[in-house]
Amino acid sequence: MMTKPRMLVTGGSGYLGGWVARLARDGWDVTATYLAHAVGEPDVDWRHLDVWDEAAVVTLVDEVRPQVVIHTAALNPGQGRDFDAVNAAGARHVARASASVGARLIHLSSDVLFDGRKGHYVEEDPPSPITPYGRSKARGEEAVRDSGAEAVIVRTSLVYGWRPSVARAAQWMIDDLRAGKPVHLFTDEVRCPIWVESLAAAVVELAGMSYTGILHVAGAQALSRYEFGVRLLRFHGVDPSPVIPVPSPKDIPRPLNCTLDCSRARALLRTPLPGVDEVLAAHSPSS
Ligand SMILES: NC(=O)c1ccc[n+]([C@@H]2O[C@H](COP(=O)([O-])OP(=O)(O)OC[C@H]3O[C@@H](n4cnc5c(N)ncnc54)[C@H](OP(=O)(O)O)[C@@H]3O)[C@@H](O)[C@H]2O)c1
């Protein structure tokens, strides 16, 4: 029997990391990590890892000796405040350890490392973060570049999906509306939301390629958070009419137009990157 190449997925217990592990396990020998949420998904070697702990990262990478590391572990907005410890220092530890064993690294970054004034950002646009989360993701990218690892930095946008569970992007709205709470959605924050299964497939495809550098990987359709939310609610059979469309608050800096130009990814990848309407029209929440 042919041995499969080894892949290490950090944040395998997360939404994207879970899909990467699921899609990769046929072709790769997958080790995936969790921090607080242990996972029982089969055909994956599950390990506990805190990426802030450099010694633990080095020990795991030395033991697994992966050909490819997919670094999805991150602290996302709403999950705490210690963004730098996870998204900058953690990325540095993972990138250095990957470089030390000659592993190819696919690092997940974000559209909100841009200030959102320009929109339609290309890979060459310099990061201009205006939020603590955005700054930590920009520092994470610097750490990856400084590590000397053979790396791809995948900048992506709002992630949505409904399998194996409904993504955060929709779940909080459904919960709040069902509880009779008001839901306000911004009309002036524009993103290119991506279906988690497209993004994971693109990441797994990239794992087996030789491309290095930055790559913008997001959905084909630019939508405001309001337009996006209304579509997700309808898809899940929830009446969106109580949702209140509002402009974003002006007292805290928020990036407005973080749309990504993904033409490089479209030319490079076989994986399609459809927009929200196309994805939702082709599926149902039970499919
Ligand atoms: N979700 C979005 O809309 C979005 C948008 C743009 C970019 N991204 C980027 O895409 C990537 C994946 O996002 P996601 O939405 O799939 O994330 P997620 O569902 O929130 O999962 C985060 C993962 O990171 C793990 N984690 C958190 N802190 C950790 C630490 N200190 N050490 C090790 N693992 C840790 C979590 O483990 P436990 O759950 O076991 O604690 C979980 O597996 C991230 O890099 C994110 O910044 C996401």
Side-chain angles (χ1 to χ4, degrees), residues 8-22 32-41 44 46-57 60-61 69-95 97 105-114 121 129 131-141 143-144 152-161 164-172 189 191-200 202-203 215-219 223 225 228-229 232 255 258-260 276:
L8 174 64
V9 183
T10 69
S13 52
Y15 205 56
L16 174 64
W19 268 105
V20 171
R22 231 166 270 133
T33 76
Y34 64 93
L35 179 67
H37 303 99
V39 184
E41 188 105 25
V44 172
W46 289 100
R47 307 289 187 93
H48 179 266
L49 180 70
D50 184 342
V51 293
W52 184 77
D53 180 348
E54 184 166 17
V57 174
L60 181 63
V61 170
V69 174
I70 314 286
H71 182 43
T72 79
L75 200 62
N76 288 308
Q79 297 176 331
R81 291 173 182 213
D82 213 356
F83 294 123
D84 271 337
V86 184
N87 301 344
R92 187 171 66 246
H93 301 155
V94 171
L105 171 65
I106 315 286
H107 169 81
L108 268 295
S109 189
S110 169
D111 53 359
V112 299
L113 51 65
F114 295 117
Y121 289 97
T131 64
Y133 170 74
R135 280 190 282 273
S136 73
K137 293 299 277 187
R139 289 186 190 119
E141 288 196 4
V144 169
V152 186
I153 291 173
V154 172
R155 291 193 189 130
T156 193
S157 188
L158 296 176
V159 176
Y160 66 96
S165 58
V166 179
R168 284 191 303 274
Q171 192 63 61
W172 74 269
E189 278 193 15
R191 304 284 188 271
C192 296
I194 181 148
W195 183 28
V196 67
E197 297 179 40
S198 306
L199 178 57
V203 166
L215 196 65
H216 288 180
V217 181
L223 293 171
R225 285 186 181 268
F228 179 43
L232 289 179
C258 288
T259 49
L260 298 176
V276 173

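Computed from a predicted model, the values in this text were never measured in an experiment. Each ligand, and each atom within it, is numbered from 1 in the order the structure gives.
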Could you please spell out the steps behind the side chain to side chain contact (heavy atoms under 4.5 Å, CB included) verdict for K137 and R155?
CA-CA 10 Å; K137 293 299 277 187; R155 291 193 189 130; over 6 Å; no
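- With a 4.0 Å cut-off on non-hydrogen atoms, R168 touches ligand 1 through its side chain and not its backbone.
- Backbone and side-chain nitrogen or oxygen atoms of T156 are examined, and none is located within less than 3.5 angstrom of a nitrogen or oxygen of ligand 1.
- For the pair P193 and ligand 1, no heavy-atom separation below 4.0 Å is found.
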Could you walk me through whether V94 and H107 pass the side chain to side chain contact (heavy atoms under 4.5 Å, CB included) check?
CA-CA 9 Å; V94 171; H107 169 81; over 6 Å; no
Assess whether side chain to side chain contact (heavy atoms under 4.5 Å, CB included) is satisfied between D111 and L158, documenting all intermediate values.
CA-CA 9 Å; D111 53 359; L158 296 176; 5.5 Å; no
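- By the criterion of a heavy-atom distance under 4.0 Å, both the backbone and the side chain of L108 are placed next to ligand 1.
- Between the S13 side chain and the A38 main chain, no donor and acceptor come within less than 3.5 Å of each other.
- Between Y121 and F114, the ring-plane angle classifies as parallel under the 30° and 60° cut-offs.
- By the criterion of a heavy-atom distance under 4.0 Å, the backbone of L49, and not its side chain, is placed next to ligand 1.
- For the pair W195 (side chain) and G219 (backbone), a donor-acceptor distance under 3.5 Å is absent.
- The shortest N or O to N or O distance between L158 and ligand 1 is not below 3.5 Å.
- Of the listed residues (Q79, R155, H107), the one carrying the non-hydrogen atom nearest atom 20 (O) of ligand 1 is Q79.
- Distances between N or O atoms of Y34 and those of ligand 1 include no value under 3.5 Å.
- Of the polar atoms of L75, none of the N or O atoms is found under 3.5 Å from an N or O of ligand 1, judged by distance alone.
- Considering backbone and side-chain atoms together, Y15 places an N or O closer than 3.5 Å to an N or O of ligand 1.
- Residue D50 places a heavy atom under 4.0 Å from ligand 1.
- Nearest to atom 17 (O) of ligand 1 among the protein's heavy atoms is N76 ND2, 3.0 Å.
- Ligand 1 is approached by T72 to a heavy-atom distance shorter than 4.0 Å.
- V196 and G161 get closest at one heavy-atom pair: CG1-CA, 4.2 Å.
- Contacts of S109 with ligand 1, taken as heavy-atom pairs under 4.0 Å, involve the backbone alone.
- Checking G11, A73, A74 against atom 27 (C) of ligand 1, the nearest heavy atom belongs to A74.
- Between S109 and E141, the shortest heavy-atom distance links the atoms OG-OE2, 2.7 Å.
- H93 NE2 to L60 CG: the interatomic distance, rounded to the nearest 0.5 Å, is 14.5 Å.
- In terms of heavy atoms, A73 sits closest to T10 at N-OG1, 3.2 Å.
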W52/D82 under side chain to side chain contact (heavy atoms under 4.5 Å, CB included): CA gap, chis, key distance, verdict:
CA-CA 11 Å; W52 184 77; D82 213 356; 5.9 Å; no
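- Inclusion of A36 in the set of residues having an N or O under 3.5 Å from an N or O of ligand 1 is warranted.
- Residue contacts with ligand 1 include S157, since one of its heavy atoms falls under 4.0 Å from the ligand.
- Contact annotation for L16 and ligand 1: heavy atoms of both the backbone and the side chain come within less than 4.0 Å of the ligand.
- The closest approach between a heavy atom of Y133 and any atom of ligand 1 is below 4.0 Å.
- Ligand 1 has K137 within reach: a non-hydrogen atom of the residue lies less than 4.0 Å from it.
- Within the listing of ligand 1, atoms 19 (O), 21 (O), 42 (C), 43 (O) sit less than 4.0 angstrom from a heavy atom of G14.
- Atom 37 (O) of ligand 1 has its closest protein heavy atom at S13 OG, 3.2 Å.
- Heavy-atom minimum distance, A91 versus H71: CA-NE2, 3.7 Å.
- Ligand 1 has an N or O atom lying under 3.5 Å from an N or O atom of V159, backbone or side chain.
- In this structure, Y15 contributes its side chain and S165 its backbone to a donor-acceptor pair below 3.5 Å.
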